Each structure stands twice: as structure tokens, then as C-alpha cells.
Q: 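Following this message is one structure expressed as C-alpha cells.
Since this is a predicted model, take the numbers as computed values, not measurements.
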Amino acid sequence: MTTVRDLQAMAGEEPITMLTAYDAVMAGIAESAGIDVLLVGDSMGNAVLGHDDTLPVTVDETASHVGAVARGTDEALVVADMPFLSFGADEGQSVENCGRMLKEEGANAVKLESGPHTVELTEKLAHLGIPVMAHLGLTPQSVNQTGYTQQAGDREEAEEILELATAHEEAGAFALVLEHVPANLAAQVTDAIDIPTIGIGAGGECDGQVLVFTDVVGLAESSPPFAKQFGDAREEMRDAIGEYVEAVESGSFPGEEHASTNEELDDLY
Ligand code: KIV
């Protein structure tokens, strides 16, 4: 099993690969392809649950999907992405929600969309044995404040991200996701801190990369500009299902090899 220490040892030595997964099938496929970290992202909201954004995702939904991913993997580190308002308002509730992902569902760590309000919580969770992956830059749970545009548009915002990165490292975060920020900022953050940075839309100088499963395999109907589609699973799945429909409609499926008969059951009617 991959541990947070293993990931930290990889930083600067070999690129860390992280991909979202939302169920056991996705987890098994991603793990067999060599992914190091499976993030049960709240991107499940728009990627597979049919919502327009991540905000409606609940703690119960997250728990259910984390459990499925954890059951579908042996080696990868499983990170539970804590949904909107499940952390940060009340410390006790935050600890309970995060702890549930490890205690009941088999996650190895949690990810928090981070800001000044998560520094103390990160410290608390780390002390309790709940490894925390921080997340700065574009944090989609703040879509109503920031939209989905690239963050750190000026020096002040970039300095704030650098400061928050250091603050979360000092608080005990084991890794940091940097989303949709200029590549030169991500490179400087990566230099400034010792914990691994994992970029998405943040250039090639981070210690690792993360993308959303449905974007990578070509299942998403639309993807952000910084994502890359590496396959066309939607097309392949549609073709397979189309062939099945045609086979049923034409009577060529099921064939004799897909059924069996029991003579004792003849003449019932
Ligand atoms: O929810 C998610 O998938 C994420 C990644 C894009 C980092 O937070």
C-alpha cells in the first residue's frame, strides 16, 4: 500500500500520478494502469452525479464513493475530497466528517479546499492521524466567489498562495494540490516547500499531476482547457451499447451459447 511517506519520498525524484475515481471499477482500472493516488474528488458532482458543480455533493455521498474506491484498490493511496461545508465551520464536526472517511470507508487521507480558515484545522487533523492534502489556487467550492478562471492574476494573490502553501506545510499537510494557477507561480511554490505539489492546470514543474478520470478517458461531455483527453471511452461505450441494441433488436442475441435449458422443466404449460 502506498503511504503519504512514500509520496513524500517521490517528490523531486519521480513524478507522482494522481487521478480521480468515483467507484470500484474506475479505481481498479486506474490502479492497474499504474496510478499512485486515487482522489475521490467532489468533482463527482459534475463528473458523474449530474450536478452543474461540486456544491451539492454530500458527506454521505462522498463516504459511499470513498468506500467503493477503497474496496476497488490494493496499492494506490486513496484520498477523500471533503465536500462543500463538511469542514471549516465547526471543528468537531469537521474532525468527525474527515475521520469517518478513514475510520469507516478506508480512505488513507483527506483533501481540503484550503484557505486561511483551514490552517488550524489541518494542524488538528494531522495531530489526530488524519493526513491532509491541501488545495490552493482555483478551489471549485468557491465558484460563487471566483468563477472557474485562472487564479493568482496579480502579485498580491500569488504571494497569498505562496504564504498559504507554507502555512499549510507548517501545519502538517502532507501534499498540496495547485489548481489553475500560472506555471511560474506553481514552480516557485514547488521550490519553496518540501511537501509534494500536485498540479492541475499549473504547468509541468509540480512534483505530480492530477486530472479528472472522465476527462482523461474521454467520457466527459466538456472538459476544462487545461485537461487532456487521452482516450475516447464515450465513443467506444456508445458503439458497444449500439451493437448490443442492434443484436437484441435483430434477434442475434442471446445466442444458444448465452442460455441453457433444463429438460425437466419442459411441458409446464
Ligand atoms: O474534485 C476534484 O476532482 C479535485 C481535483 C480536480 C484536484 O479537486
Q: Flag the pair M101 / M82 as yes when at least one side-chain heavy-atom distance between them is below 4.5 Å, and no otherwise.
A: yes
Q: Could you tell me whether the side chain of S250 and the main chain of A247 form a donor-acceptor pair under 3.5 Å?
A: yes
Q: Among residues at least two apart in sequence or on other chains, which ones pass side-chain contact (heavy atoms from CB on, under 4.5 Å) with R71?
A: A68
Q: Listing request: all side-chain hydrogen bond (donor to acceptor under 3.5 Å, both in side chains) pairs with a residue in residues 10-31, at least two apart in sequence or in separate chains.
A: T17-D36, T20-Y22, Y22-S43, E31-T73
Q: Considering only heavy atoms from C-beta outward, does the side chain of I29 approach that of V25 to under 4.5 Å?
A: yes
Q: Pairs in or reaching into residues 81-123: which pass ring-ring contact (aromatic ring centres under 6.0 Å, His included), with residues at least two apart or in two chains?
A: none
Q: If you count heavy atoms of other groups shown closer than 6.0 angstrom to CD of E257, is the number above 12?
A: yes
Q: Excluding sequence neighbours, so at least two apart, what forms side-chain contact (heavy atoms from CB on, under 4.5 Å) with D154?
A: E156, E157
Q: With sequence neighbours left out, what residues match D74 under side-chain hydrogen bond (donor to acceptor under 3.5 Å, both in side chains)?
A: none
Q: Is L164 close to P116 at the side-chain level, that is, under 4.5 Å between some pair of heavy atoms?
A: yes
Q: If I take atom CD from residue Q209 and atom OG1 from residue T197, how far apart are they, to the nearest 0.5 angstrom?
A: 8.5 Å
Q: Could I get the full list of side-chain hydrogen bond (donor to acceptor under 3.5 Å, both in side chains) partners for Q141, not counting sequence neighbours?
A: D42
Q: Between V216 and M26, is there shared hydrophobic-cluster membership here, with clusters defined by ILVMFWY side-chain heavy atoms closer than 4.5 Å?
A: yes
Q: Side-chain contact test, heavy atoms from C-beta onward, threshold under 4.5 Å: evaluate it for P224 versus Y148 and give yes or no.
A: no
Q: Check whether any side-chain heavy atom of L112 lies under 4.5 Å from a side-chain heavy atom of C98, and answer yes or no.
A: yes
Q: May I ask you to test the L19-L39 pair for a side-chain heavy-atom distance under 4.5 Å?
A: no
Q: Any side-chain heavy atom of I198 within less than 4.5 Å of one from L176?
A: no
Q: Determine which pairs satisfy side-chain hydrogen bond (donor to acceptor under 3.5 Å, both in side chains) with at least one residue from residues 90-109, sequence neighbours left out, and list them in order.
A: D60-R100, Q93-N97
Q: How close do A70 and G106 get, heavy atom to heavy atom, and via which atoms?
A: CB-O, 3.6 Å
Q: Enter the distance from T2:OG1 to L77:CG here, rounded to the nearest 0.5 Å.
A: 6.5 Å
Q: Sequence neighbours left out, what pairs pass side-chain hydrogen bond (donor to acceptor under 3.5 Å, both in side chains) with at least one residue falling in residues 160-183?
A: T118-H168, H135-E179
Q: When rounded to the nearest 0.5 angstrom, what distance separates CG in L138 from CD in Q151?
A: 5.5 Å
Q: Rounded to the nearest 0.5 Å, what separation is found between the CZ atom of F174 and the CD atom of Q8?
A: 7.5 Å
Q: How would you list, by chain and number, every residue that makes a side-chain contact (heavy atoms from CB on, under 4.5 Å) with A220, sequence neighbours excluded?
A: T214, D215, S223
Q: Go through the structure and list residues passing ring-ring contact (aromatic ring centres under 6.0 Å, His included) with H127, not counting sequence neighbours.
A: none
Q: For a 4.5 angstrom cut-off between non-hydrogen side-chain atoms, does V79 reach V40?
A: no
Q: Can you run down the salt bridge (charged side-chain N to carboxylate O under 4.0 Å, His left out) pairs that involve residues 228-240, sequence neighbours left out, and say none if there aren't any?
A: E221-R234, E235-R238
Q: Name all residues meeting the side-chain contact (heavy atoms from CB on, under 4.5 Å) criterion together with D267; count only those two or more places apart in sequence or in a different chain, and write none if there are none.
A: none
Q: Taking atom CD of E113 and atom OG of S86, what is their separation to the nearest 0.5 Å?
A: 10.0 Å
